[in-house]
Amino acid sequence: MRTSRAGLVAVTAAVMAAALPAAASAAGDPPAPYTGQQVTWGTCAFKPANGAKPAQCAEITVPRDWANPTAGVDLKVSISRVAASGERQGSLLVNPGGPGGQGTSLAGALAGLEPSVNQLYDLIGMDPRGTGQEGSADKGFVCNVPNGRLPQGPLDARDRSASSIANHQQTARAIAESCQSDALAPYITTWQTTHDMDLIRTLLGDKQLNYLGYSYGTWLGAKYASMFPEHAGKVVLDSSMNFQGRLQADFEAFPVIDQRQFDDVYLPWLSRQFPAQLGKTPAEVKQTWERIRAYYKTKGLAADSFDHLFIGNGSRIQWLLGVLVLTKGAAALNGTAATPPATLADPLDTQSRTTFGVPAADLTVAKVVAGTPAPDYSQVGGTRFAVACGDQPTRSSSWYKHLSDQQGPVDPLYGWSYGITEPCGFWSDAPQHELPGLPAQVRSNVLVVQGEFDPQTGYEQAKAGARSAGVPLVSVDNSPFHGQYALSGNPCVDGLVNTFLTKNSRPDSTTCPGVPLPAENQVYPVPGPVDGSSHGLVTQLQDTLSTLRQDVQDVVSKLNEQR
């Protein structure tokens, strides 16, 4: 699927009308032209990561609108498959989140990370409708925003002047109106995608579809199980939204949970790793962070852009990027060179080369500024907004402005910005379909996994969803990262989920200990919503696939880092 409508595959309504029943039911079986198509597996457009198992890929045809399959032109959806290495028990569809995340490469990565699961299941990836094709130039549903409608110059959401607020809202309005102007937008929703998923199940020849989803993928998986309970197999929801509530409520909590992780976990870690340069206490580090923020602003880095480097700080790789920016800023301010702990020297050097193109020793403030591009709002992925704003009724722009006024003073890292930059406040189209809650008949198939200090999907949201649905929750004590199963190197989490998937034994609600933070060999407990009764793992799990774990976790985190 290429940009906007042009990615549609033209099948005329007249031809479809001749082949389809007069009134195909969205709740019933998919119409024959779609269920009868042949899936031709071939080479994938993406390059597998080191350690991932190779996958085969295919494209399937889906109707633009499952509620009226004869209307409009069809869409193409890319899928991938890593065949079961042993006696096949079914398919496990995986999703990395978003909304808007491409997931065809995730199947091979997870197959490499969890071979015992791949032994029993075909791992199936999907680039959901609107996301294009991973590894190709096809970026899917893209909203083209006229540059003349965007504010000029650097922005700082802490500036509460009328002009500053208007400039931030101007961007949100332009994005919303641009996305809604495309005729495809109403059909890029969770409701439509769940029907695509059930077609995939049919084409794979399975009576049930098993599922593993991260972040927004938990919402998608829960809604699939709600829409098609008779076809839902085992469902694992990792780093979960409150799938029983409002999708937007999870986004609205982002400033709160992001600030909590920043204040309670990231700043203390910085004080332990860089006491001489950033401060010996979290309070001192926070003061240093403020000074560095102001310094970068004088060097041409927009304050909003600086803040966003620390928003959604949900992976080890993102933590290292923040370290580079802070230590180079502190060195410029204090006139001293940064000397990282020995255990962080190589990872920081790798991150500097990857992000800024130079070794860490050669990185300067000027190169950080030059290598930190301002957000490009002239072309934005439309799937995020079409789903987030189109699944359920949205709040008004004035409501979001009030939220900004409330959250900013308490959670300034993202609280000032989020409410006045949310395009859903300017979304005028009403949802076309209702998304039901999880029915009782599938609750025995669902397991939720959640880190305590996840800065992208809040622990309280996951707990509320699990409690409302009556399903068990595996809490990960002291964990600040986004994406737990297979990605964090936590043997407790991996063992529980693998037992559920391969042995049909689902755990009760329980708490797993967290693993140590980067460069540390012990867990430093932090008071929070988990009771803290678990004991931290003594050492970080190390294996030959640790780089793949971190890379995949970083991909999942980046898909979901800024709501």
Side-chain angles (χ1 to χ4, degrees), residues 142-181 248 251-256 258-259 262 286-287 289-313 325 329 365-366 368-382 384-386 388-389 394-429 561-563:
V142 175
C143 308
N144 294 294
V145 183
N147 286 327
R149 298 202 57 196
L150 297 172
Q152 304 300 312
L155 297 177
D156 185 350
R158 292 188 188 181
D159 177 358
R160 305 309 285 178
S161 66
S163 61
S164 173
I165 292 172
N167 282 336
H168 283 86
Q169 291 182 320
Q170 181 181 344
T171 299
R173 181 191 293 274
I175 291 173
E177 292 179 353
S178 174
C179 290
Q180 288 182 100
S181 69
Q248 271 294 317
F251 302 160
E252 292 154 12
F254 197 95
V256 178
D258 202 74
Q259 193 74 49
F262 182 75
K286 195 167 189 177
Q287 291 177 350
W289 186 91
E290 289 286 353
R291 291 177 55 229
I292 294 171
R293 180 184 189 271
Y295 178 76
Y296 271 108
K297 190 173 178 179
T298 67
K299 299 301 179 181
L301 183 61
D304 281 359
S305 296
F306 179 86
D307 291 345
H308 287 175
L309 293 170
F310 302 90
I311 292 170
N313 209 14
V325 173
V365 165
V368 168
V369 173
T372 307
D376 181 10
Y377 295 116
S378 60
Q379 284 195 328
V380 296
R384 182 274 193 223
F385 305 109
C389 309
T394 66
R395 309 293 195 186
S396 67
S397 59
S398 60
W399 187 91
Y400 279 109
K401 162 61 169 58
H402 180 65
L403 180 67
S404 172
D405 293 337
Q406 289 183 313
Q407 290 184 328
V410 181
D411 306 304
L413 182 64
Y414 196 39
W416 289 120
S417 178
Y418 169 71
I420 56 176
T421 58
E422 178 51 78
C424 290
F426 297 95
W427 203 266
S428 58
D429 293 343
E561 66 184 352
Q562 294 182 27
R563 299 297 184 196

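Note that the coordinates shown come from a computational prediction; the quantities given were computed from them, not determined experimentally.
Annotation: Tyr414 is in aromatic contact with Phe254 [ring centroid separation under 6.0 Å].
Within the 3.5 Å criterion, the main-chain N or O of Ala157 finds a donor-acceptor partner in the side chain of Asp304. Proximity of a side-chain donor or acceptor of His168 to a complementary backbone N or O of Ser164 within less than 3.5 Å is detected. Judged purely by atom type and a 3.5 angstrom limit, Tyr295 has no side-chain atom pairing as donor or acceptor with the backbone of Val365. Panel note: side chain Gln407, backbone Pro255; no donor-acceptor pair is recorded below 3.5 Å.
Taking every heavy atom of both residues into account, Cys389 and Glu422 meet most closely at SG-OE2, 4.5 Å. Ser305 and Leu301 make their closest contact through CB-CD1, 4.0 Å (heavy atoms, listed as atom of the first residue, atom of the second, distance). What you find for Leu413 and Phe310 is that their closest heavy atoms are CD2-O, 3.7 Å. Listed here is the closest heavy atom pair of Ala302 and Pro154: CB-CB, 3.5 Å. When every heavy atom of Arg293 is checked against every heavy atom of Ala303, the shortest pair comes out as NH2-CB, 3.3 Å. Heavy atoms only, all atoms of each residue included: Gly382 and Cys179 are closest at CA-SG, 4.1 Å.
With rounding to the nearest 0.5 Å, the separation of CZ in Arg395 from SG in Cys424 is 11.5 Å. We find the OG1-CG distance between Thr394 and Asp429 to be 9.5 Å, quoted to the nearest 0.5 Å. Note: Ser397 OG to Gln169 CD = 6.0 Å, rounded to the nearest 0.5 Å. With rounding to the nearest 0.5 Å, the separation of NZ in Lys299 from CD1 in Ile292 is 14.0 Å. With values rounded to the nearest 0.5 angstrom, Trp427 atom CH2 is found 10.5 Å from Glu177 atom CD. Here the straight-line distance linking atom CD1 of Ile420 with atom CD of Gln170 works out to 12.5 Å at 0.5 Å rounding.
Counting heavy atoms from C-beta outward, Thr171 and Thr421 have side chains that stay 4.5 Å or more apart. A heavy-atom distance below 4.5 Å is found between the side chains of Val325 and Tyr296. With contacts defined as side-chain heavy-atom distances shorter than 4.5 Å, the pair Ser404/Arg160 qualifies. In this structure, the side chains of Phe426 and Ser396 stay at 4.5 Å or more apart for every pair of heavy atoms.
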Between Asp258 and Tyr418, does a side-chain contact (heavy atoms from CB on, under 4.5 Å) hold up when you go through it step by step? CA-CA 11 Å; Asp258 202 74; Tyr418 169 71; over 6 Å; no
Report the C-alpha distance between Val145 and Tyr377 in whole Å, list the side-chain angles of each, state the deciding distance to 0.1 Å, and finish with yes or no for side-chain contact (heavy atoms from CB on, under 4.5 Å). CA-CA 7 Å; Val145 183; Tyr377 295 116; 5.6 Å; no
Show, in sequence, the C-alpha distance, side-chain angles and deciding distance for His308 and Ser417, and conclude whether the side-chain contact (heavy atoms from CB on, under 4.5 Å) test is met. CA-CA 10 Å; His308 287 175; Ser417 178; 3.9 Å; yes
Checking Phe385 against Gln180 for the side-chain contact (heavy atoms from CB on, under 4.5 Å) test, could you report, in this order, the C-alpha distance in whole Å, the side-chain angles of both residues, the deciding distance, and whether it holds? CA-CA 9 Å; Phe385 305 109; Gln180 288 182 100; over 6 Å; no
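The aromatic rings of Trp289 and Phe306 lie tilted to each other, with the angle between the two planes from 30° to 60°.
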